[in-house]
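Below is one structure, written out as structure tokens, with a few remarks after it.
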Amino acid sequence: MNLRNITADKLVALYRNGDLTATEVIQGVFEEIEQTDKDVRAFITLMRDRALEDARRVDAKVAAGEALEPLAGVPVAIKDNMAVRDVLTTCGSRILENYIPPYTATAVERLRSAGAIVVGKTNMDEFAMGSSTENSGFFVTRNPNDLTRVPGGSSGGSAASVAGGMALLALGSDTGGSVRTPASFCGVVGIKPTYGRVSRYGLVAFASSLDQIGSFSKTVHESAQVLEVICGFDHYDSTSADTAVDEFVKGLDLPVKQIRIGVPKEYFVEGMDAEVKAKIQSAIRLYESLGCKIEEISLPHTEYAVATYYLIATAEASSNLARYDGVRYGLRQAGNGGLQEMYRQTRMAGFGQEVKRRILLGTYALSAGYYDAYYLKALKVRTLILQDFQKAFERVDVILTPTAPTVAFKIGEKTEDPLAMYLSDIFTITCNLAGLPGISVPCGRNSESLPVGLQLIANHFQEGLLLRVAHQFEKAGGFLL
Ligand code: GLN
């Protein structure tokens, strides 16, 4: 059963009416995965037995006339950097190739409590470092729209699982764009909530001040459903925000007339793909026709965002990844020369090239003598970037940009040039630096039929507004521009 033509809410309605059983759907999903994932390779681990067990529980509930949870029997995929108890959780890294966590991430636990069925763990760039899923320690995931192209990253497996009809919903993590970029490249909806909105408990840390869990789906309505479930305070995460979670689904159809949309002039850079630009301009016109007010704004520190991000993210990563020493988790090499040698051998064998590069860069930026010049400076620029947004949000409600400067690129096209790869995040990383929520929605396809992504950004904790503005774009035909 391919899930491309159905949504979560419709599926649950079919279960409720007894028109379909969860068991047949989940069985069908695994048949589909067997077919499609031969080429796409979205999954690292499949959870067939557990999923079928969960499906039987849903069917028993229907048979007993009990009420179903909002996501009962809905197949979801989870990025492999989120812990699922007793299930391999590799983070896309050889260093965790045999790591089986004894607990489950809060976001996953909440999805399961809402009835969702986890079908598997998805491929990703190692430790979420990358924009194409080519940095996985295991294999490359391909874009279901064109198998010669990348699905984006780092949550490429999750995005591809939804775009390829192998899961209805998926979780990813977004440190600098890792939910929004793959959503854009694969032609699905991807949202990164406000920093602290979704608990990071059970999410393998990359850059703790930037990391945030987000979701993938085909429609905005489904994203609103997922967010209602996964957002909210969790005492297991000290940075979790104790802020009320709105009823996102209920708010989707509130009017958008008179909403002020800001278009930052710095986001229409020289060298940007002309077809992407044209689609974004059509999106702007569509919003105008819905009665929104379009205003040009300026985010003057945008040009420093990539440098700032790659200092802060690598600094935090170098500290977070110190824990993989061959003692507490995963892989251990023998290291005949004693403890230091064991550390060295383990990290040498377990980490891939990009992860090593980042540990080196981050350690350098934090070292005595360089700390003030690099890391501290980056923190100051981060504040300036936040202030740019705060100023903008005095004038507008939502900011509209392309998600990425290009459509999905060819596999191998940027692997030799890390800087070119880093630049694919140019429009997404500012959100993470400022802690703001951002969503990427499809906004048509280019002449090669490759999806283009539109990004919308709102002020802190304004996910409701973001989802509403995105939903009405979808309703007005924006996804098919
Ligand atoms: N592509 C960015 C990086 O490589 C962002 C990754 C992410 O959001 N996890 O760091």
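Owing to the predicted nature of the structure, the values given are computational and were not obtained by experimental measurement. As the structure lists them, so they are numbered: ligands from 1, and atoms in each ligand from 1.
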Ligand 1 atoms nearer than 4.0 angstrom to some heavy atom of Y310 are 1 (N), 2 (C), 3 (C), 4 (O), 10 (O)
Give the atoms of ligand 1, by number and element, whose distance to some non-hydrogen atom of G130 is under 4.0 Å. 1 (N), 2 (C), 3 (C), 4 (O), 6 (C)
A128 heavy atoms, cut-off 4.0 Å: which ligand 1 atoms fall inside? 6 (C), 7 (C), 9 (N)
Tell me: protein heavy atom nearest atom 9 (N) of ligand 1, and distance? S178 OG, 2.6 Å
Hey, is ligand 1 close enough to D174 that some N/O pair sits below 3.5 Å? no
I'd like to know if Y309 contacts ligand 1, where contact means a heavy-atom distance under 4.0 Å to any ligand atom. yes
Just to check, does A313 reach to within less than 4.0 Å of ligand 1 when the distance is taken from its heavy atoms? no
Using a distance-only test with no angle check, is there a side-chain donor-acceptor pair under 3.5 angstrom linking E316 and S208? no
4.5 Å side-chain heavy-atom contact, F351 and R94: no
Check this for me - ligand 1, K79, N or O atoms closer than 3.5 angstrom, yes or no? no
Classify the contact between R180 and ligand 1 as side chain, backbone, both or neither, using a heavy-atom distance cut-off of under 4.0 Å. neither
If the cut-off is 4.0 Å to any non-hydrogen atom of G176, which atoms of ligand 1 fall inside it? 5 (C), 7 (C), 8 (O)
Are Y309 and Y422 close enough that their ring centers fall under 6.0 Å? no
Can you tell me how far apart CD (E448) and CZ (R149) are? Round to the nearest 0.5 Å. 5.0 Å
Do K121 and L88 make a side-chain contact, defined as non-hydrogen atoms from C-beta onward lying under 4.5 Å apart? no
Are any of the N or O atoms of F206 closer than 3.5 Å to those of ligand 1? no
Under 4.0 Å to a heavy atom of S154 - the qualifying atoms of ligand 1, by number: 9 (N)
Do the side chains of L3 and M166 get nearer than 4.5 Å, heavy atoms only? no
Taking the six-membered ring where the residue is Trp, are the ring centres of Y324 and Y99 under 6.0 Å apart? no
Is there any N or O on M129 that sits under 3.5 Å from an N or O of ligand 1? no
Does M421 come within less than 4.0 angstrom of ligand 1, counting non-hydrogen atoms of the residue? no
Rounded to the nearest 0.5 angstrom, the CG-CG distance for L450 and N145 is 7.0 Å
Applying a heavy-atom cut-off of 4.0 Å, say which part of D425 lies close to ligand 1: side chain, backbone, both or neither. side chain
Apply the side-chain hydrogen bond (donor to acceptor under 3.5 Å, both in side chains) test between T175 and each candidate in D425, D211, N432; give the one that qualifies. D211
Please answer whether the main-chain N or O of F248 pairs with a side-chain N or O of E228 as donor and acceptor at a distance below 3.5 Å. yes
